[in-house]
Amino acid sequence: AVADVLDALADDAAQRIVAALSEPKTASELSEECDVPLSTTYRKLETLVDASLLTESTDIRRDGQHTTRYSVAFDEVRVSIDGEADRELTVEFERPDRTRDERLADLWSELREET
């Protein structure tokens, strides 16, 4: 929704988190790098994921533990007024091309959620 995207991007801590994601990072890494408490970092990450601004990927280690990493899910976000009569705000995303590994990680995450 338009409001979710605008609310997420209007937040200073969320902006710092997005700016710090030059590569996939964990919540702990982002918390330290952005000087944001870890609990706040998790809330901001959830808001950004819910607004489709970030994606999550899960790394499964040999010991069975998993690590969630976050990546920016857009190259560009455009907010515009759509239509002559209703003048409704719309949001369009220009998304980066997904690598084969990213697509496989998404499928693995979906499979884990279903089981």
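Here, residue 1 is the first one in the sequence, and each next residue gets the next number.
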Considering residues at least two apart in sequence or located in another chain, which fulfil the side chain to side chain contact (heavy atoms under 4.5 Å, CB included) criterion with Thr68? Glu56, Thr58, His66, Tyr70
Going by the salt bridge (charged side-chain N to carboxylate O under 4.0 Å, His left out) test, which pairs reach into residues 31-41, not counting sequence neighbours? Lys25-Glu33
Ignoring hydrogens, what is the shortest heavy-atom contact between Val18 and Phe74? Give both atom names and the distance. CG1-CZ, 4.1 Å
To check you understand the geometry: which heavy-atom pair defines the closest contact between Leu45 and Ala27, and what is its length? CD1-CB, 3.6 Å
Return each pair, listed once, that meets salt bridge (charged side-chain N to carboxylate O under 4.0 Å, His left out) where at least one residue sits in residues 1-21; pairs must be two or more places apart or across chains. Asp11-Lys44, Asp12-Arg16
Could you work out, with side chain to side chain contact (heavy atoms under 4.5 Å, CB included) as the rule, every residue matching Thr47, not counting sequence neighbours? Ala8
Could you please spell out the steps behind the side chain to side chain contact (heavy atoms under 4.5 Å, CB included) verdict for Val36 and Leu30? CA-CA 8 Å; Val36 175; Leu30 289 164; over 6 Å; no
Please list, chain by chain and in numerical order, all residues satisfying side chain to side chain donor-acceptor pair (under 3.5 Å) with Ser22, sequence neighbours excluded. none
Salt bridge (Lys or Arg N to Asp or Glu O under 4.0 Å) partners for Asp50, two or more places apart: none
Who passes salt bridge (Lys or Arg N to Asp or Glu O under 4.0 Å) against Glu46, sequence neighbours left out? none
Go through the structure and list residues passing side chain to side chain contact (heavy atoms under 4.5 Å, CB included) with Gln65, not counting sequence neighbours. Arg61, Asp63
Results of salt bridge (Lys or Arg N to Asp or Glu O under 4.0 Å) for Asp59 - residues two or more places apart only: Arg69
Any donor-acceptor pair under 3.5 Å from Thr41 side chain to Pro37 backbone: yes
Across all chains, not counting sequence neighbours, the salt bridge (Lys or Arg N to Asp or Glu O under 4.0 Å) partners of Arg43 are none
Worked check of side chain to side chain contact (heavy atoms under 4.5 Å, CB included) between Leu54 and Leu21: CA-CA 9 Å; Leu54 299 184; Leu21 284 168; 3.5 Å; yes
In the single-linkage hydrophobic clustering (I, L, V, M, F, W, Y; side-chain heavy atoms under 4.5 Å), do Val2 and Val5 co-cluster? yes
Got a second to check how far Tyr42's OH is from Ser31's OG, nearest 0.5 Å? 9.0 Å
